[in-house]
Trainee: 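This is the structure I have questions about; it appears just below.
Just so we're on the same page: letters track the sequence lines, and every chain starts at 1.
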Amino acid sequence: MRILLQLSLLFALTLIGEAISAVLPFTFPGTLIAMFLLLLLLGTGVIKEHHLEGTADFLLRYMAMFFVPPSVEIIENLELLRSSWLPLVFISAVSLVTTFFITAKAVEITDRIIKRRNAE
Amino acid sequence: MKELITTNPLFGITLTILCYKAGMVIGKKTGKAICNPFLITVLIIIAILFIFDIPFSAYEEGGVFINLFLGPVTAVLAYSIYRQRETVKAHFVSILAGTIAGSISAVAVILLLASLLGLDDTLSASLVPKSVTTPIAIAISEAIGGVKSLTVTSLILTGVLGNMFAPFMIKLFRIKSRIAQGVAIGTASHVIGTSKAMELGEDIGAISGIALSFTGIITAIISLLFL
C-alpha cells in the first residue's frame with residue numbers, strides 16, 4: 001500500500017510538472033519542475049522524508065537503469081553518425097573533460113575564498 | 001516465433017532489467033571502473049539486437065515503459081537534495097560558481113573545437129547544448145539552428161562517457177572535495193552522470209542533481225543571449 005501511494009505521488013508530481021511545463025512561455029523540463037515541487041513540499045513539511053522512504057531509495061539506487069533505453073536508441077542514428085561521428089565523439093569527450101575540470105576547480109577555489117573570508 | 005516474442009512490450013522490459021542486473025554483476029565481479037555496469041548493459045542490449053536481428057522499434061515497445069519512469073526518477077532527486085540540505089546550504093555559492101564556470105567553459109570549448117575542426121554551423125549548433133538535460137538541450141539546439149538527433153546523440157554519448165569516466169577524472173584531477181565532485185559530474189554530464197554520482201554517495205548525487213538543473217538554466221541563457 002505504502003509503495004503504491006509513494007509511486008502515485010511521484011507520478012502525479014511529474015504529471016503536474018509536465019502540465020506546468022506545457023503552459024510556460026519558455027521551455028523548461030516538466031521533470032525538473034516536478035523536482036523543485038517535491039523539494040518545496042519537503043521543505044514546507046507537507047511531505048515528510050519518511051513518506052518517500054523505500055520507493056525513493058529504490059529509484060535512486062537503480063537510477064542508471066532507467067537511462068538504458070534512450071542510450072540504446074543511439075543505434076537508430078548510426079546512418080546520421082556515419083559522416084560526422086569523429087568530430088562528434090572527439091568534441092563530446094574533450095569538452096566533457098574540460099568542463100569537469102573547470103567546474104571542479106571553480107568549486108574548490110570558491111570554497112577556499114569563502115573559508116578564508118569567514119576566518120578573517 | 002521470434003516476432004511473437006520480440007514485439008511484445010514485455011521483451012524490452014525484461015531485456016533491460018536482466019541486462020542491467022548482468023551489468024551490475026559483471027561490474028562488481030571484475031571490480032574495474034572500466035567495466036561500467038551502465039555501459040555494459042547498453043552494449044549487451046545493442047549486441048543482442050544486432051545478433052538476433054531485432055529492430056530497435058521492437059525493443060522500444062518495452063523501452064517506453066522504462067522511459068515513463070524517467071520523470072519520477074528525476075523528480076525524486078529532490079528527496080536526496082532535501083536529505084543533504086545542510087551541505088547544499090553551506091556550499092550554495094560554490095555550487096552556483098561551479099555551474100556558471102562549467103556552463104560557460106562547455107559552450108566556449110565546444111565552439112572553439114568546432115571552429116578548429118572546421119565544422120559547419122549546423123553541427124556546431126547541435127553540439128553546444130550537449131552537456132545539459134534532454135528537453136532543455138533540444139530547445140536550445142532548435143533555437144540556434146542545430147539538429148535534434150545530433151544533439152541527443154552527443155548528449156547521450158557525453159552522459160555515458162561521464163558515467164564511465166567520472167571516477168577516473170576525480171582521481172586524475174585530484175578532486176578531494178565531495179562538493180566539487182558532485183558539481184563537476186552534474187555540470188559536465190547531466191542526469192546520466194548523476195546516476196553514477198548517486199552510486200558514489202548520496203551527498204555527491206544530490207549536489208550533482210542541483211548542478212544539472214542550474215546548468216540547464218545557465219546554458220539556455222548563455223546560448224540564447226550570445227549565439
Trainee: Between A:L96 and chain B, with a heavy-atom cut-off of 4.5 Å, which part of the residue counts as in contact: side chain, backbone, both or neither?
Mentor: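 Both the backbone and the side chain of A:L96 come within 4.5 Å of chain B.
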Trainee: Go through the atoms of B:V42 and report whether side chain, backbone, both or neither lie under 4.5 Å from a heavy atom of chain A.
Mentor: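 Its backbone and side chain both get close to chain A.
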Trainee: Out of B:S177, B:S131, B:S154, B:A220, return the one with the most heavy atom pairs under 4.5 angstrom to chain A.
Mentor: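 Ranked by heavy-atom pairs under 4.5 Å with chain A, first place is B:S154.
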Trainee: With a strict 4.5 Å heavy-atom criterion, list every residue of residues 134-143 of chain B that contacts chain A, or say none.
Mentor: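 Heavy-atom contacts from residues 134-143 of chain B to chain A are B:P135, B:I136, B:A139.
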Trainee: Side chains of A:T31 and B:V73: does their closest heavy-atom pair fall under 4.5 Å?
Mentor: no
Trainee: Top residue by heavy-atom pair count (under 4.5 Å) with chain A, among B:I46, B:I156, B:V109?
Mentor: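 Among B:I46, B:I156, B:V109, the one with the most close pairs to chain A is B:I156.
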Trainee: Between B:I45 and chain A, with a heavy-atom cut-off of 4.5 Å, which part of the residue counts as in contact: side chain, backbone, both or neither?
Mentor: side chain
Trainee: For B:I175, which atoms come within 4.5 Å of any heavy atom of chain A: side chain, backbone, both, or neither?
Mentor: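 When you check distances to chain A, atoms from both the backbone and side chain of B:I175 fall under 4.5 Å.
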Trainee: In terms of heavy-atom proximity below 4.5 Å to chain A, should B:T158 be classed as side chain, backbone, both, or neither?
Mentor: both
Trainee: Hey, does A:L88 have a side-chain heavy atom less than 4.5 Å from the side chain of B:L127?
Mentor: yes
Trainee: Could you check whether any side-chain heavy atom of B:P72 comes within less than 4.5 Å of a side-chain heavy atom of A:F66, counting everything from C-beta outward?
Mentor: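 No, their side chains stay 4.5 Å or more apart.
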Trainee: Name the region of B:L43, side chain, backbone, both or neither, that has any atom closer than 4.5 Å to a heavy atom of chain A.
Mentor: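 Neither the backbone nor the side chain of B:L43 comes within 4.5 Å of chain A.
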Trainee: Give, as side chain, backbone, both or neither, the part of A:I91 having an atom under 4.5 angstrom from any heavy atom of chain B.
Mentor: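 For A:I91, the contact with chain B is made by backbone and side chain together.
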Trainee: More than 12 foreign heavy atoms under 6.0 Å from CZ of B:F11: is that the case here?
Mentor: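 Counting other residues, nucleotides and ligands, CZ of B:F11 exceeds 12 neighbours.
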Trainee: Report the option among A:V72, A:L9, A:L38 that has the most heavy-atom pairs separated by less than 4.5 Å from atoms of chain B.
Mentor: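 That would be A:V72.
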Trainee: Does any heavy atom of chain A fall under 4.5 Å from the side chain of B:L119, the backbone, both, or neither of them?
Mentor: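 Side chain of B:L119 only, per the 4.5 Å heavy-atom cut-off to chain A.
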Trainee: Looking at A:G17, A:A106, A:S92, which makes the most heavy-atom pairs under 4.5 Å with chain B?
Mentor: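 With the most close heavy-atom pairs to chain B, the winner is A:S92.
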Trainee: Against chain A, label B:V64 side chain, backbone, both or neither, depending on which of its atoms sit under 4.5 Å from a heavy atom there.
Mentor: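 No part of B:V64 comes within 4.5 Å of chain A.
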Trainee: What pair of heavy atoms forms the shortest contact from B:T16 to A:P69, and how long is it?
Mentor: CG2-CD, 4.2 Å
Trainee: Taking A:I47, A:T103, A:L37, A:L15 one by one, which has the highest count of heavy-atom pairs under 4.5 Å against chain B?
Mentor: A:T103
Trainee: For A:E49, which atoms come within 4.5 Å of any heavy atom of chain B: side chain, backbone, both, or neither?
Mentor: both
Trainee: I'd like to know which of A:P70, A:S84, A:A12 tops the heavy-atom pair count under 4.5 Å against chain B.
Mentor: A:P70
Trainee: Using non-hydrogen atoms only, which part of B:M198 is less than 4.5 Å away from chain A: side chain, backbone, both, or neither?
Mentor: side chain
Trainee: Let me know if A:L7 has heavy atoms under 4.5 Å from chain B in its side chain, its backbone, both or neither.
Mentor: side chain
Trainee: Taking side chain as C-beta onward, heavy atoms only, is B:F165 less than 4.5 Å from A:V97?
Mentor: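 Answer no - side chains too far apart.
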Trainee: Name the option with the most non-hydrogen atom pairs under 4.5 Å to chain A; the candidates are B:G98, B:A75, B:A188, B:A108.
Mentor: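 Looking at each option in turn, the highest pair count goes to B:A75.
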Trainee: Is the A:F11 ring parallel, tilted or perpendicular to the B:F69 ring (thresholds 30°, 60°)?
Mentor: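 Perpendicular: the ring planes of A:F11 and B:F69 meet at over 60°.
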Trainee: Measure B:L150 against the heavy atoms of chain A and call it side chain, backbone, both or neither at under 4.5 Å.
Mentor: both
Trainee: I'd like to know which of B:I217, B:I104, B:L70 tops the heavy-atom pair count under 4.5 Å against chain A.
Mentor: B:L70
Trainee: Is A:T14 in contact with chain B via its backbone, its side chain, both, or neither, using a 4.5 Å heavy-atom distance?
Mentor: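 Answer is side chain: those atoms of A:T14 sit under 4.5 Å from chain B.
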Trainee: Nearest 0.5 angstrom please: B:T41 OG1 to A:F67 CZ, how far?
Mentor: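 Atom-to-atom, B:T41:OG1 and A:F67:CZ are 13.5 Å apart.
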Trainee: Tell me, out of B:A97, B:A101, B:S213, who's got the most heavy-atom pairs with chain A below 4.5 Å.
Mentor: B:S213
Trainee: For residues B:A166 and A:F100, report the shortest heavy-atom separation together with the two atoms involved.
Mentor: O-CZ, 4.1 Å
Trainee: Using non-hydrogen atoms and a 4.5 Å limit, figure out which bit of B:V76 sits close to chain A: side chain, backbone, both or neither.
Mentor: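 Both parts, backbone and side chain.
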Trainee: Check step by step if side chain to side chain contact (heavy atoms under 4.5 Å, CB included) holds for B:F38 and A:S71.
Mentor: CA-CA 10 Å; B:F38 178 72; A:S71 303; 3.3 Å; yes
Trainee: Against chain A, work out which of B:L155, B:V160, B:I110 has the most heavy-atom pairs shorter than 4.5 Å and name it.
Mentor: B:I110
Trainee: With side chains defined as the heavy atoms from C-beta onward, is the minimum distance between A:T110 and B:H91 less than 4.5 Å?
Mentor: no
Trainee: Could you have a look at A:L42, A:L10, A:L39, A:I102 and say which one has the most heavy-atom pairs with chain B under 4.5 angstrom?
Mentor: A:L42
Trainee: Would you mind checking which part of A:F26 comes under 4.5 Å of any heavy atom in chain B, side chain (CB onward), backbone (N, CA, C, O), both or neither?
Mentor: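 Answer is neither: A:F26 stays 4.5 Å or more from chain B.
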Trainee: Evaluate the side chain to side chain contact (heavy atoms under 4.5 Å, CB included) criterion for residues B:F56 and A:E73: first the C-alpha distance (whole Å), next the side-chain angles of each, then the deciding distance (0.1 Å), finally the verdict.
Mentor: CA-CA 7 Å; B:F56 175 77; A:E73 198 171 350; 3.4 Å; yes
Trainee: Is it the backbone or the side chain of B:L123 that comes under 4.5 Å from a heavy atom of chain A, or both, or neither?
Mentor: side chain
Trainee: Donor-acceptor pairs under 3.5 angstrom involving side-chain atoms of residues 50-65 of chain A: please list them, not counting sequence neighbours.
Mentor:
unit_1, atom_1, unit_2, atom_2, d
A:H51, ND1, A:K48, N, 2.9
A:T55, OG1, A:Q6, OE1, 2.4
A:D57, OD2, A:G54, N, 3.1

Trainee: Between A:A34, A:P29, A:A93, who has the most heavy-atom pairs with chain B when the cutoff is under 4.5 Å?
Mentor: A:P29
Trainee: Side chains of A:M35 and B:I81, heavy atoms from C-beta outward: is any pair under 4.5 Å?
Mentor: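 The answer is yes; the side chains approach within 4.5 Å.
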Trainee: Do B:L157 and A:V89 have side chains that get closer than 4.5 Å, going by heavy atoms?
Mentor: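 Yes. Closest side-chain heavy atoms under 4.5 Å.
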Trainee: Taking the side chain as C-beta and beyond, is there a heavy-atom pair between A:S95 and B:K130 under 4.5 Å?
Mentor: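 Side-chain contact under 4.5 Å: yes.
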